[in-house]
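Take a look at the structure below.
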Amino acid sequence: MSTPNLPDAVCLFEEPRAPNPRRVNIFIAEKGIEIERHVLDLIEGAHKAPDYLSKVGVPQVPALELEDGTILTESQAICRYLEALYPEPNMMGATPYETAVIDMWQRRVEFGLFAAVTATFRHTNPHMSALEDQVPEWGEINRRRIPVHLQRLDARLAESPYVAAERFTVADITAIVAIDFLRIVRERVPEELTNLADWIGRVRARPSCTLPGKAA
Ligand SMILES: N[C@@H](CCC(=O)N[C@@H](CS)C(=O)NCC(=O)O)C(=O)O
C-alpha cells in the first residue's frame, strides 16, 4: 500500500544500535512496513566513504533512498515521509491540533533529553573519539542536564498516558530511544519518577521497541 503520487522507499541505510536509526526503525515497525536495509559500520567509517557521501550528501545514518533516487536524511523527515505514504496507524497527528502538539513534544524531547544523552555519549565514550572531536567537559555538562529532562518527562506523564497524546506517537519513540541509551552512558531513571517508570514498562512491551540484538 502506498500513496500513488509518492515514490516508494527502497532502502534504509542505517546502524540498528545507533539512536537516530533506531527511531526510524521503531517507526517502521509500528507501521508494519517492509524496507530493505543496508547496515553501515560507523566505527569503521563506512558512512564517510566517498561512495556513500556522494550518494547521501552527509556522513550520517539513517538515510532513506527512494525509488526515484532521492535520498532523505533527518529521522523526523524520514518519518514524516513514511507517515504520508502509510497513514495508519497515525503516529504524527490526525488533526491540525494533534499534529502541532505531537510536533511540539517530539521537538522538546529531541532537543532536550535525546540531545543531552547523545552529547554525553559522544563526548565521554572513548569509542566515540573516532567520530567526534571530544570535549569531555561538554559531555559532563550534558550529563548533568539528563535528570532535569527526566523530571520534566515524568511531570508530563503524570497528566498524559503517552508523551504527546492519548496514544503512542513519534514523540514516545524519541523518548524511549533516549531512555534506553541511558544505560550506555551509565545513567538511569531515578526510582521516584514513577510516572516515567510506568510509561517505560508499557512502551518497552511493544514489539517495535525490542532492543536491537534482543529476541522479540
Ligand atoms: N539529525 C540527524 C542526526 C543523524 C545522526 O547524527 N546520526 C548518527 C547516528 S545516531 C551518525 O550518523 N553519526 C555518524 C557520525 O557522527 O560520524 C537525524 O535526525 O537523523
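We use all heavy atoms of the structure for the numbers below, so side chains are in, but hydrogens, waters and symmetry mates are not. Along the sequence shown, residues are numbered consecutively beginning with 1. First listed ligand is number 1; within each ligand, the first listed atom is number 1.
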For [X], atoms of ligand 1 separated by under 4.0 Å from a heavy atom:
X	answer
R122	13 (N), 15 (C), 16 (O)
H47	14 (C), 15 (C), 17 (O)
P19	10 (S)
P21	10 (S)
A18	9 (C), 10 (S)
P62	20 (O)

Which atom pairs, one a donor and one an acceptor, fall under 3.5 Å between side chains of residues 153-171 and the rest of the protein, sequence neighbours left out?
from	atom 1	to	atom 2	distance (Å)
D154	OD1	N195	N	3.0
D154	OD1	L196	N	2.9
D154	OD2	N195	ND2	3.4
R156	NE	V163	O	2.7
R156	NH1	E159	OE2	2.9
R156	NH2	V163	O	3.3
S160	OG	Y162	O	2.5
S160	OG	A165	O	3.3
R167	NE	N90	O	3.2
R167	NH1	E98	OE1	3.4
R167	NH1	E98	OE2	2.9
R167	NH2	N90	OD1	2.6
R167	NH2	E98	OE1	2.9
T169	OG1	A171	N	3.2

Cation-pi check, R23 to F114: give yes when NZ or CZ is under 6.0 Å from the six-membered ring centre and within 45° of the ring axis, no otherwise. yes
With a 4.5 Å heavy-atom cut-off, do R22 and L211 have their side chains touching? yes
Can you tell me if G45 contacts ligand 1 (heavy atom of the residue under 4.0 Å from the ligand)? no
Less than 4.0 angstrom from a charged side-chain N to a carboxylate O is my criterion; do [X] and [Y] meet it?
X	Y	value
R143	E140	yes
E110	R108	no
K55	D51	no

Results of ring pair (Phe, Tyr, Trp, His ring centres under 6.0 Å) for F13 - residues two or more places apart only: H38, Y52
Could you tell me whether some N/O pair between [X] and ligand 1 is separated by less than 3.5 angstrom?
X	value
K48	no
L42	no
Q76	no

Side chain to side chain contact (heavy atoms under 4.5 Å, CB included) assessment of L82 paired with K31: CA-CA 9 Å; L82 295 176; K31 294 278 184 188; 5.6 Å; no
Please state which protein non-hydrogen atom is closest to [atom] and give its distance, to 0.1 Å?
atom	answer
atom 1 (N) of ligand 1	E74 OE1, 2.6 Å
atom 7 (N) of ligand 1	V61 O, 2.7 Å
atom 3 (C) of ligand 1	N20 ND2, 3.6 Å
atom 19 (O) of ligand 1	S75 N, 3.1 Å

Is it the case that more than 12 heavy atoms not belonging to R17 sit under 6.0 Å from its CZ atom? no
